[in-house]
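Note that these values count all heavy atoms, side chains included, but never hydrogens, waters or copies made by symmetry. Just so it is clear, the structure is predicted and the values come from calculations on it, not from any experiment.
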Amino acid sequence: MRVLVTGGAGFIGSHVVDALRARGHEAVVYDVREDPGADVRNPAAVARALVGVDAVCHQAAMVGLGEGVADAPEYVSRNDLGTAVLLAGMASAGVRRLVLAGSMVVYGEGRYECPRDGVVRPGPREVADLDAGRFEPGCPLCGRELAPGLVGEDAPVDPRNVYATTKLTQEHLAAAWARSTGGAALSLRYHNVYGPRMPRDTPYAGVASFFLSKLARGEAPRVFEDGRQRRDFVHVRDVAAANLAALEAGAVEGALAVYNTGSGEVHTVGEMARVLASACDGPEPVVTGEYRLGDVRHITADSARLRAELGWKAEVGFEEGMGEFAASGPAST
């Protein structure tokens, strides 16, 4: 199979390229890092890149929190306009298979259960509560403490920042393309991806990379809130394997299928910082109580659908993966 990988020189995309080539597929890298003209918003360049292609693995995106609106035009341009141009090119070229890099951020907060009211969806946390160190969302009906759980693909979506909104729009565009062309589209909703080649010291680096950069300078990682935020940290090689499985699996034509892509292990941000600090023989993390308004408290995946339907499962354990990441160090760009 000849597969065009947009963002193929980036963190996740480069691992997808490696996985494809190891499996005997032909991976075509389309990335502005290698060619400034290889922009998914460039219709002519996209058309040239799609010649002879059997499928597209769309990893290119502007990532990050997107907590304000000043950079909203850039996010929308790169993520949504870029996806629209790519899909239009695929329609014209007759390419009928797409795997999209989705994100768990489309859910907003994760799944919560109240002892009185059952499953509920808390709204965005109030600034006054965050300032006072009250980080856990309460039941929106009775105010009681909530128990966080795993969120499934059928949960309502609730994007809470610009980046999250553009990721959901990408899925809507992919669904419209599939219905219009009879193509097969799959979106892998990545959870917190980490591993070798992760970018360092940029606004778009993951928290694991920020912690590792601090430790490389002999500084203590700074953990926001109380460090008890629950996340699913999934290794980049497992994510690449999920992309490979999605490209090779049978898929429903004329529709978009979505899959949570997580390790299945729940860990806290504070725990991750401590494991990295130990692996680097560095100083203990500092829990700051600071917060970012666009962050959610708990978001962890139920990836059973991906395992059941595509035969994929995460292979890299938390301790092993974080140890390897600590030894490799984050990339400089």
J.: I'd like to check V193 versus F11 (side-chain heavy atoms, cut-off strictly below 4.5 Å). Are they in contact?
T.: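 SC-SC contact between V193 and F11 confirmed.
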J.: Is any side-chain heavy atom of Q170 closer than 4.5 Å to a side-chain heavy atom of N79?
T.: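 Contact flag for Q170/N79 side chains = yes.
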J.: Under the 3.5 angstrom rule, does the side chain of D226 hit a backbone N or O of V287 as a donor-acceptor pair?
T.: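 Such a contact is absent between D226 side chain and V287 backbone.
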J.: Name all pairs fulfilling the side-chain hydrogen bond (donor to acceptor under 3.5 Å, both in side chains) condition that reach into residues 5-16, sequence neighbours left out, sorted by first residue then second.
T.: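 As it turns out, the side-chain hydrogen bond (donor to acceptor under 3.5 Å, both in side chains) pairs with a partner in residues 5-16, which skip direct neighbours, are T6-H58, S14-R197.
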J.: Under the rule for ring-ring contact (aromatic ring centres under 6.0 Å, His included), what residues qualify as partners of F318, not counting sequence neighbours?
T.: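 F318: ring-ring contact (aromatic ring centres under 6.0 Å, His included) contacts with H267.
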J.: Enumerate the salt bridge (charged side-chain N to carboxylate O under 4.0 Å, His left out) contacts for residues 176-195, please, sequence neighbours excluded, ordered by first and then second residue.
T.: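 Matches after skipping sequence neighbours: E171-R189.
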J.: Give the table of side-chain donor-acceptor pairs shorter than 3.5 Å for residues 135-154, with sequence neighbours excluded, one pair per line with atom names and distance.
T.:
from, atom 1, to, atom 2, distance (Å)
E136, OE1, H298, NE2, 3.0
E136, OE2, R297, NE, 3.1
E136, OE2, R297, NH2, 3.0
E136, OE2, H298, NE2, 3.1
E153, OE2, N260, N, 2.8
D154, OD1, R305, NH2, 3.1
D154, OD2, R305, NH2, 3.4

J.: Kindly write out the residues that satisfy salt bridge (charged side-chain N to carboxylate O under 4.0 Å, His left out) with D80, not counting sequence neighbours, or none if the list is empty.
T.: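 Testing D80 for salt bridge (charged side-chain N to carboxylate O under 4.0 Å, His left out), a comparison that skips the adjacent residues, returns none.
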J.: Side-chain contact test, heavy atoms from C-beta onward, threshold under 4.5 Å: evaluate it for E219 versus P283 and give yes or no.
T.: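 No, their side chains stay 4.5 Å or more apart.
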J.: Looking at A257 and Y259, what are the two nearest heavy atoms and their distance?
T.: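 Looking at all heavy atoms of both residues, the shortest contact is CB-CE1, 3.8 Å.
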J.: When you look at R23 and E248, which way does the side chain to side chain contact (heavy atoms under 4.5 Å, CB included) test go after all the steps?
T.: CA-CA 11 Å; R23 191 68 163 232; E248 292 181 341; 3.0 Å; yes
J.: Which residue pairs pass the salt bridge (charged side-chain N to carboxylate O under 4.0 Å, His left out) test with at least one member in residues 253-280, sequence neighbours excluded?
T.: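 Salt bridge (charged side-chain N to carboxylate O under 4.0 Å, His left out) check on residues 253-280 returns no pairs.
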J.: Could you check whether any side-chain N or O of T166 sits under 3.5 Å from a backbone N or O of Y163, counting only pairs where one atom can act as donor and the other as acceptor?
T.: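 Yes, the answer is positive, given that a donor and an acceptor are paired below the 3.5 Å cut-off.
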J.: Between V207 and M272, is any pair of side-chain heavy atoms under 4.5 Å apart?
T.: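 The answer is yes, as the side chains (C-beta and beyond) meet within the 4.5 Å cut-off.
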J.: For a quick test of reading the model, state the closest non-hydrogen atom pair linking A91 to T181 and the distance between them.
T.: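 For A91 versus T181, the nearest heavy atoms are CB-CG2, 3.9 Å.
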J.: Look at the side chain of S328 and the backbone N and O of F325, then say whether any donor-acceptor pair between them is shorter than 3.5 Å.
T.: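 Here the side-chain-to-backbone pair exists.
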J.: Is there a side-chain contact between F224 and V269 (heavy atoms, below 4.5 Å)?
T.: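 Heavy-atom side-chain distance check fails, nothing below 4.5 Å.
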J.: Other than V286, which residues form its hydrophobic cluster under the rule that side-chain heavy atoms must be closer than 4.5 Å?
T.: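 For V286, no cluster forms, as it stays isolated from other hydrophobic side chains.
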J.: Other than V51, which residues form its hydrophobic cluster under the rule that side-chain heavy atoms must be closer than 4.5 Å?
T.: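 Besides V51, the hydrophobic cluster comprises nothing; the residue is isolated.
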J.: For S77 and R41, work out which heavy atoms get closest and say how close.
T.: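 S77 and R41 have their closest heavy atoms at OG-NH1, 2.8 Å.
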J.: Taking distance alone, no hydrogens or angles, what donor-acceptor pairs closer than 3.5 Å link side-chain atoms of residues 113-122 to residues at least two apart or in another chain?
T.:
from, atom 1, to, atom 2, distance (Å)
R121, NH2, Y107, O, 3.3
R121, NH2, P156, O, 3.4

J.: At their closest point, which heavy atom of R97 faces which heavy atom of D54, and how far apart are they?
T.: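 The pair with the smallest heavy-atom distance is CB-O, 4.1 Å.
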J.: In the hydrophobic clustering that connects Ile, Leu, Val, Met, Phe, Trp and Tyr at side-chain heavy-atom distances below 4.5 Å, which members other than L256 occupy its cluster, ordered by chain and number?
T.: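 Direct or chained contacts put L256 with V258.
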J.: Decide, yes or no, whether a salt bridge links R237 with E315 under the criterion of side-chain N to carboxylate O below 4.0 Å.
T.: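 No, no charged N to carboxylate O under 4.0 Å.
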J.: Looking only at non-hydrogen atoms, find the nearest pair between G108 and I299 and report the distance.
T.: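 Where G108 meets I299 most closely, the heavy atoms are O-CD1, 4.1 Å.
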J.: Got V5 and N243 here, is their nearest side-chain heavy-atom distance under 4.5 Å?
T.: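 With C-beta onward as the side chain, the pair stays apart.
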J.: In this structure, would Y112 and V106 fall into the same cluster of hydrophobic residues linked by side-chain contacts under 4.5 Å?
T.: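 Shared cluster, no.
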J.: Going by heavy atoms in the side chains, are N161 and T165 under 4.5 Å from each other?
T.: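 When only atoms from C-beta onward are counted, T165 and N161 do not touch, as no gap falls below 4.5 Å.
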J.: Are any non-hydrogen side-chain atoms of P221 and L215 less than 4.5 angstrom apart?
T.: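 In short, these two side chains touch, coming nearer than 4.5 Å.
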J.: Could you state the interatomic distance from CD (E225) to OG1 (T288), rounded to the nearest 0.5 Å?
T.: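 Atom-to-atom, E225:CD and T288:OG1 are 9.0 Å apart.
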J.: Quick check on the hydrophobic clustering: are V162 and M62 connected, directly or via other members, by side-chain heavy-atom contacts under 4.5 Å?
T.: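 Yes, it is one cluster - the side chains of V162 and M62 are joined through contacts under 4.5 Å.
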J.: With respect to V296, which candidate in R231, Q229, M104, R125 satisfies the side-chain contact (heavy atoms from CB on, under 4.5 Å) definition?
T.: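 The passing option is R231.
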J.: State whether the number of non-hydrogen atoms from other residues, nucleotides or ligands found under 6.0 Å of D281 atom CG is greater than 12.
T.: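 No - once you tally the heavy atoms of other residues, nucleotides and ligands closer than 6.0 Å, there are 12 at most.
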J.: So, T300 and D232: side-chain donor and acceptor under 3.5 Å apart, yes or no?
T.: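 Distance-only check fails for T300 and D232.
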J.: Taking all non-hydrogen atoms of both residues, which atom of V69 and which atom of P73 are closest, and how far apart?
T.: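 Looks like O-CD, 3.9 Å.
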J.: Apart from L81 itself, what residues make up its hydrophobic cluster, given side-chain heavy atom links below 4.5 Å?
T.: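 In the cluster with L81 are L4, V28, Y30, V40, V46, L50, V53, V56, V85, L86, L87, M90, V95, L98, L173, W177.
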J.: Applying side chain to side chain contact (heavy atoms under 4.5 Å, CB included) to L188 and L100, what does each step give before you reach the verdict?
T.: CA-CA 6 Å; L188 301 177; L100 174 68; over 6 Å; no
J.: So which pairs with a foot in residues 98-110 pass salt bridge (charged side-chain N to carboxylate O under 4.0 Å, His left out), sequence neighbours left out?
T.: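 Pairs touching residues 98-110 that pass the test: none.
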J.: Looking at R134 and E126, is any side-chain nitrogen of the basic one under 4.0 Å from a carboxylate oxygen of the acidic one?
T.: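 The answer is no: the pair does not qualify as a salt bridge.
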J.: Does V99 belong to the same Ile/Leu/Val/Met/Phe/Trp/Tyr cluster as L306, with side-chain heavy atoms less than 4.5 Å apart forming each link?
T.: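 Shared cluster, yes.
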J.: Answer yes or no: is there a donor N or O on one side and an acceptor on the other, between the side chain of K167 and the main chain of A101, under 3.5 Å?
T.: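 Yes; at least one donor-acceptor contact below 3.5 Å.
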J.: Please check if any side-chain donor atom of Y291 sits under 3.5 Å from a side-chain acceptor atom of D129, or the reverse.
T.: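 No, no side-chain donor-acceptor pair sits under 3.5 Å.
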J.: Between S263 and H191, is the side chain to side chain contact (heavy atoms under 4.5 Å, CB included) condition met? List the steps.
T.: CA-CA 8 Å; S263 69; H191 280 248; over 6 Å; no
J.: Under 6.0 Å between the ring centres of H235 and Y194?
T.: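 Centroid separation for H235 and Y194: below 6.0 Å.
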J.: In Å and rounded to the nearest 0.5 Å, what is the SG to NZ distance from C280 to K214?
T.: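 If we round to the nearest 0.5 Å, C280:SG and K214:NZ are 14.0 Å apart.
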J.: Applying side-chain contact (heavy atoms from CB on, under 4.5 Å) between V29 and each of V17, V16, D35, report the one that passes.
T.: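 Checked V17, V16, D35 against V29; only one passes side-chain contact (heavy atoms from CB on, under 4.5 Å): V17.
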J.: Given the rule in the side chain to side chain contact (heavy atoms under 4.5 Å, CB included) test, do Y190 and Q59 qualify, once you have shown the distances and angles that lead to the verdict?
T.: CA-CA 11 Å; Y190 300 159; Q59 305 293 318; 2.9 Å; yes
J.: Drop me the distance from W312's CH2 to R307's CZ, to the nearest 0.5 angstrom.
T.: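 W312 atom CH2 to R307 atom CZ measures 7.5 Å (nearest 0.5 Å).
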